[in-house]
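For reference, the structure discussed in these notes is given below.
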Protein chains: 2
Amino acid sequence: MTGKAPAAPSADASPRRSDTTRACILAAARERFAADGYERATIRAIARDARIDPSMVMRYYGNKEGLFAAATSADLRMPDFTRVPREDVGRVLVTHFLDMWEDGGVLTALLRVALTNQPGAERMRTIFEEQLLPVARAVCPDPAEAPTRAGLCAAQVLGLALTRYVLRFPPSVALTREEVTRWLAPTLQRYLTAERP
Amino acid sequence: MTGKAPAAPSADASPRRSDTTRACILAAARERFAADGYERATIRAIARDARIDPSMVMRYYGNKEGLFAAATSADLRMPDFTRVPREDVGRVLVTHFLDMWEDGGVLTALLRVALTNQPGAERMRTIFEEQLLPVARAVCPDPAEAPTRAGLCAAQVLGLALTRYVLRFPPSVALTREEVTRWLAPTLQRYLTAERP
DNA sequence: TTTGTTGGTCAACGCCTGTTGGCAACGTAA
DNA sequence: TTACGTTGCCAACAGGCGTTGACCAACAAA
């Protein structure tokens, strides 16, 4: 059972001649998904951007869902919040999310797709659950409240991303990173560490 | 120029025999747009829900964009914030938005569509600009800062709607209206009335 | 050189989409 | 009754979609 598919991830380090092509496809896919959402980001358009034939996409990623999954393997790369002073949690969280969101458009693509695509929404939920929930558990007063507090933070962070990077509301776009941090950090700090209102 | 199209809005009160059908189409369209987004809400599916022929949709609303525009004529119905005590604006704003969002799914449809559809995004922006900005202007310390403050409120409100009504993050869904108000009201209050940080 | 694997193109498939025009049934005013 | 505008269904169109399989070129091992 050596497998016919050349895409089989047999070992981790298996440099193939087609790696550059694969990377081109993924980059084009990320851009298209981020710009157009799942339905309007057609395989044909992605292939055109990557200057290859649409059938290559199918060969390397199976189908459109596989391509999407490969193009949006997001990792929020959370820092270790047990080492962050408790009163700085809000600020660190905001700056970290700004970093993540402005890097490569993976999260923008994920957000756009999550809105019209059930698996996309599920993945978004998983990402935030796996990566934001532990932060809340580490710093909030009662661990039982961690999901609620993480959810509130997710709402605020995603709302800013929505208005700033997707809908592009002018006031939200005009804010500098500094200003975003000054406004949002106290909010997240309160959601995470304040007594339940 | 009497117009061939029976859909011509000549007068405001022109009861037609087809009014119930038109209403059925709009209701079905709102549901489909809210559930599936713009691309996947097909005219055929909407017509099936309304138990009529797809061509009727075209006759009454011209094309798909016209149908969408008719189905999502949103009005946030803002109360008069000059009569609200200054320290209550956050709370009133949250409860009002919860009311709006849980009524009929118009806003959910609009949000879903705005994410993958340029005119949809533009309309969302317009709605918030026309209706949230005056509120900010009425209550914030420096009117020049009103757009920024309205934008921050929009981010928080849309973020909650996103996680609660669209992505359905469990912690966000589990919150009661009471809890949402208690958590979010102070945030909006600060965004609107606090000194610039 | 031969042989087999990989990288890539081409043409086509079946399906679904938004949209159109023709045609029958109904209701109403003359 | 006749004439006409409205309401509705039906069948079809052109085009785009995801997906498939046959086929050629380049390379690597024998």
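What you see below is based on every heavy atom in this structure, not just the backbone, and it leaves out hydrogens, waters and symmetry mates. Just so we're on the same page: letters track the sequence lines, and every chain starts at 1.
- The base of C/dG7 sits within donor-acceptor range of the side chain of A/Arg59, with an N or O pair under 3.5 Å.
- We find that CG of A/Asp53 is positioned 16 Å from P of D/dA25, with the value rounded to whole Å.
- Listed for the B/Arg86 side chain is a donor-acceptor partner under 3.5 Å among the backbone atoms of B/Val139.
- Here D/dC9 presents its C1' atom at 13 Å from CD1 of B/Ile25, a figure rounded to the nearest Å.
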Apply the test side-chain contact (heavy atoms from CB on, under 4.5 Å) to residues B/Trp183 and B/Val94: give CA-CA distance (whole Å), side-chain angles for both, the deciding distance (0.1 Å), then the verdict.
CA-CA 10 Å; B/Trp183 279 109; B/Val94 178; over 6 Å; no

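- Remark: B/Ser18 is not in phosphate contact with D/dT6, judged by side-chain N or O atoms under 4.0 Å from OP1 or OP2.
- For A/Glu31, the CD atom is loosely surrounded, since the number of other residues' heavy atoms within 6.0 Å does not exceed 12.
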Could you go step by step and tell me if A/Leu132 and A/Leu76 meet the side-chain contact (heavy atoms from CB on, under 4.5 Å) rule?
CA-CA 9 Å; A/Leu132 193 53; A/Leu76 299 184; 5.6 Å; no

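- Using a cutoff of 4.0 Å between basic side-chain nitrogens and carboxylate oxygens, B/Arg177 and B/Asp99 are scored as salt-bridged.
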Could you go through nucleotides 14-19 of chain D and list every protein N or O atom that sits under 3.5 Å from one of its N or O atoms, giving the distance for each pair?
unit_1, atom_1, unit_2, atom_2, d
D/dG18, OP1, A/Ile43, N, 3.4
D/dG18, OP1, A/Lys64, NZ, 3.1
D/dG18, OP2, A/Ile43, N, 3.2
D/dG18, N7, A/Arg44, NH1, 2.4
D/dG18, O6, A/Arg44, NH2, 3.1
D/dT19, OP2, A/Lys64, N, 3.0

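- Distance check: A/Ile127 CD1 to A/Leu110 CG gives 4.5 Å after rounding to the nearest 0.5 Å.
- In this entry the distance linking OH of B/Tyr61 with P of C/dG18 reads 17 Å, nearest Å.
- Close to C/dG7, at under 4.0 Å from its OP1 or OP2, lies no side-chain N or O of A/Thr21.
- For B/Arg17 and D/dT7, the CZ to P distance is 6 Å, given to the nearest whole Å.
- Rounded to whole Å, atom C1' of D/dA28 lies 17 Å from atom CZ of A/Arg16.
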